[in-house]
Amino acid sequence: METETQQLPALPDSHGKFGDYGGRYVPETLMPALDDLIEAYEELRDDPTFRAEFNHLLATYVGRPTPLTYARRLSEHLGGAQIYLKREDLAHTGAHKINNALGQALLAKRMGKRRIIAETGAGQHGVATATACALLDLQCVVYMGTVDMARQQPNVYRMQLLGAEVRGVESGSRTLKDAVNEAIRDWVANVQDTYYIIGSALGPHPYPMICRDFQSIIGTEARAQMLAQVGRLPDEVIACVGGGSNAIGIFNAFLQDQVKLIGVEAGGLGIETGKHAARFANSDFGFSNSTSALQGQSQTHSQSKIQNPKSKIGVFQGMKTYVLQNDDGQIAETHSVSAGLDYAGVGPEHVYLRDLGRVEYTNATDEATLNAFHTLCRLEGIIPALESSHAVAEVIRRAPELSRDAILLVNLSGRGDKDLNTVLNAGNVR
Ligand SMILES: *Cc1c(COP(=O)(O)O)cnc(C)c1O
């Protein structure tokens, strides 16, 4: 299928909607805070001193621009398309998350808020936020499910070393969605002096927009680097999708180009097992994507022994979006080998881009992901995050089928040091 050049409207609209998705579904007490945030952001995003301060920190503290690396051995090994890696793994704290955390911490400071709260799952966003708060002299409280705290001990220590207070959350499944709920509760109670930094392109308007804008530096740089280093744009851009921030960050610069955009979700143990976090692979709606249609065939009725969660449009954590739910309408327990993709909801702009057919969504299983992880280690000397390894898995699937002059650009969203225990426990898949 040829990708048509499309003139997409600038979104979200004045209601914070991307088509039918997004919006603001929060307690009444938070509406004024969201109004203040919209006002402050709209003023500051075009403010030359704010932009200069952000750009200066990106260059001198985060280490931007991150390089664009030609993956020569991986390309030769696969025998098809030429593969380029956008190296967000080389950003300070080891992933793209610092771009958003730092941007929002600067925003909070400009708004006169000295107390920052954040939620974290694996701890990556918590570490990025604690880092930004140390740098900018802001008080920092991070909510984290106690199950996640046990699984991600090193990141708990990191946050504490950086001066943050980590508050364990004992409710629900004691993981990310429960941490978000607790952070929202804190925000309602302390909205006067507190700024809530959400870690992905999620939540009520204006958060998905703000996060996209701060992360769009990834695509802006990568597009210019492709033109400078290769002399043309890539044919396809591939990124993993948890909440969707690294993906929208790299896609945003290519939306108006004739470039195919591919988001990769967590396929977990396989869609048919019900243990995954692939919001776009398993819904009640018609899908044009053939991969999804195929996977849909294995879906069974509610009498099935396997509880296979399905995506439904719902209101979840402040926004209208696709949410994986069980037959009884409860938010589904999701599964992924990578904590960063293990989430029932997805950023509303992705749902919009999917409906439009502008971005194609697929998924990679845990097994394909671990394989991709090892392949990149051995062939390129790069230990990728398991989240990013999902995007690499899709490249390994696609590249051999493409000609040698095709170009694939992959967003390597983070480094894999944090995942060594998981990989060792999974055993040697080779
Ligand atoms: C958190 C994380 C992700 C997933 O979050 P997005 O908002 O979808 O980008 C992906 N990669 C890494 C390395 C992460 O830390």
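Hydrogens, waters and symmetry mates are skipped; everything else that's a heavy atom, side chains included, is used. Every number for a ligand or one of its atoms is a count from 1 in the order of the listing. Quantities reported herein were computed from a predicted structural model and do not represent experimental measurements.
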Output yes when a side-chain donor or acceptor of [X] lies under 3.5 Å from a complementary backbone atom of [Y], and no otherwise.
X: Glu236; Y: Ile262; value: no
X: Asn363; Y: Ala266; value: no
X: Ser75; Y: Gln82; value: no

Considering only the protein, which heavy-atom contact is closest to [atom], and what is its distance?
atom: atom 2 (C) of ligand 1; value: Lys97 NZ, 2.3 Å
atom: atom 11 (N) of ligand 1; value: Ser413 OG, 2.7 Å
atom: atom 4 (C) of ligand 1; value: Gly340 O, 3.4 Å

Practice task
Verify ring pair (Phe, Tyr, Trp, His ring centres under 6.0 Å) between Tyr343 and Phe316, making sure each step is shown before the conclusion.
Solution key: CA-CA 11 Å; Tyr343 189 64; Phe316 180 54; 5.7 Å; yes
Problem - Closest contact, heavy atoms only, Ala201 versus Ile248 - result: CB-CG2, 4.3 Å
Problem - Nearest heavy atoms of His92 and Ile98, plus distance in Å - result: O-CG2, 3.4 Å
Can you sort out which atoms of ligand 1 are near [X], meaning under 4.0 Å from one of its heavy atoms?
X: Gln124; answer: 15 (O)
X: Cys240; answer: 10 (C)
X: Gly414; answer: 13 (C)
X: Gly244; answer: 6 (P), 7 (O), 8 (O)

Exercise for the section: Would you please determine whether Gln215 falls within less than 4.0 Å of ligand 1 on a heavy-atom basis? Expected result: no
Practice task
State if Ala247 counts as touching ligand 1 under the rule of any non-hydrogen atom under 4.0 Å.
Solution key: no
Completion exercise
Residue pairs passing the side chain to side chain donor-acceptor pair (under 3.5 Å) test with at least one member in residues 127-139, sequence neighbours excluded, are His125-Thr129
Exercise for the section: Under 4.0 Å, heavy atoms only, figure out whether ligand 1 is touched by the backbone of His96, its side chain, both or neither. Expected result: side chain
Handout entry: Proximity of His125 to ligand 1 by residue part, where a heavy atom lies under 4.0 Å
Key = neither
Problem - Centroid separation Tyr84 to Tyr70 less than 6.0 Å - result: yes
Exercise for the section: Applying side-chain hydrogen bond (donor to acceptor under 3.5 Å, both in side chains), name anything that partners Glu265, two or more places apart in sequence or on another chain. Expected result: Arg279
Would you say [X] has any N or O atom under 3.5 Å from an N or O of ligand 1, going by distance alone?
X: Ala385; answer: no
X: Lys418; answer: no
X: Ala95; answer: no
X: Ser245; answer: yes
X: Gly242; answer: yes

Exercise for the section: Apply the test ring pair (Phe, Tyr, Trp, His ring centres under 6.0 Å) to residues Phe214 and Phe54: give CA-CA distance (whole Å), side-chain angles for both, the deciding distance (0.1 Å), then the verdict. Expected result: CA-CA 9 Å; Phe214 286 136; Phe54 184 47; 5.0 Å; yes
Handout entry: Stepwise salt bridge (charged side-chain N to carboxylate O under 4.0 Å, His left out) test for Lys86 and Glu221
Key = CA-CA 9 Å; Lys86 179 59 174 165; Glu221 284 177 7; 2.8 Å; yes
Handout entry: Option of least heavy-atom distance to atom 7 (O) of ligand 1 (set: Gly121, Ser200, Ala339, Cys211)
Key = Ser200
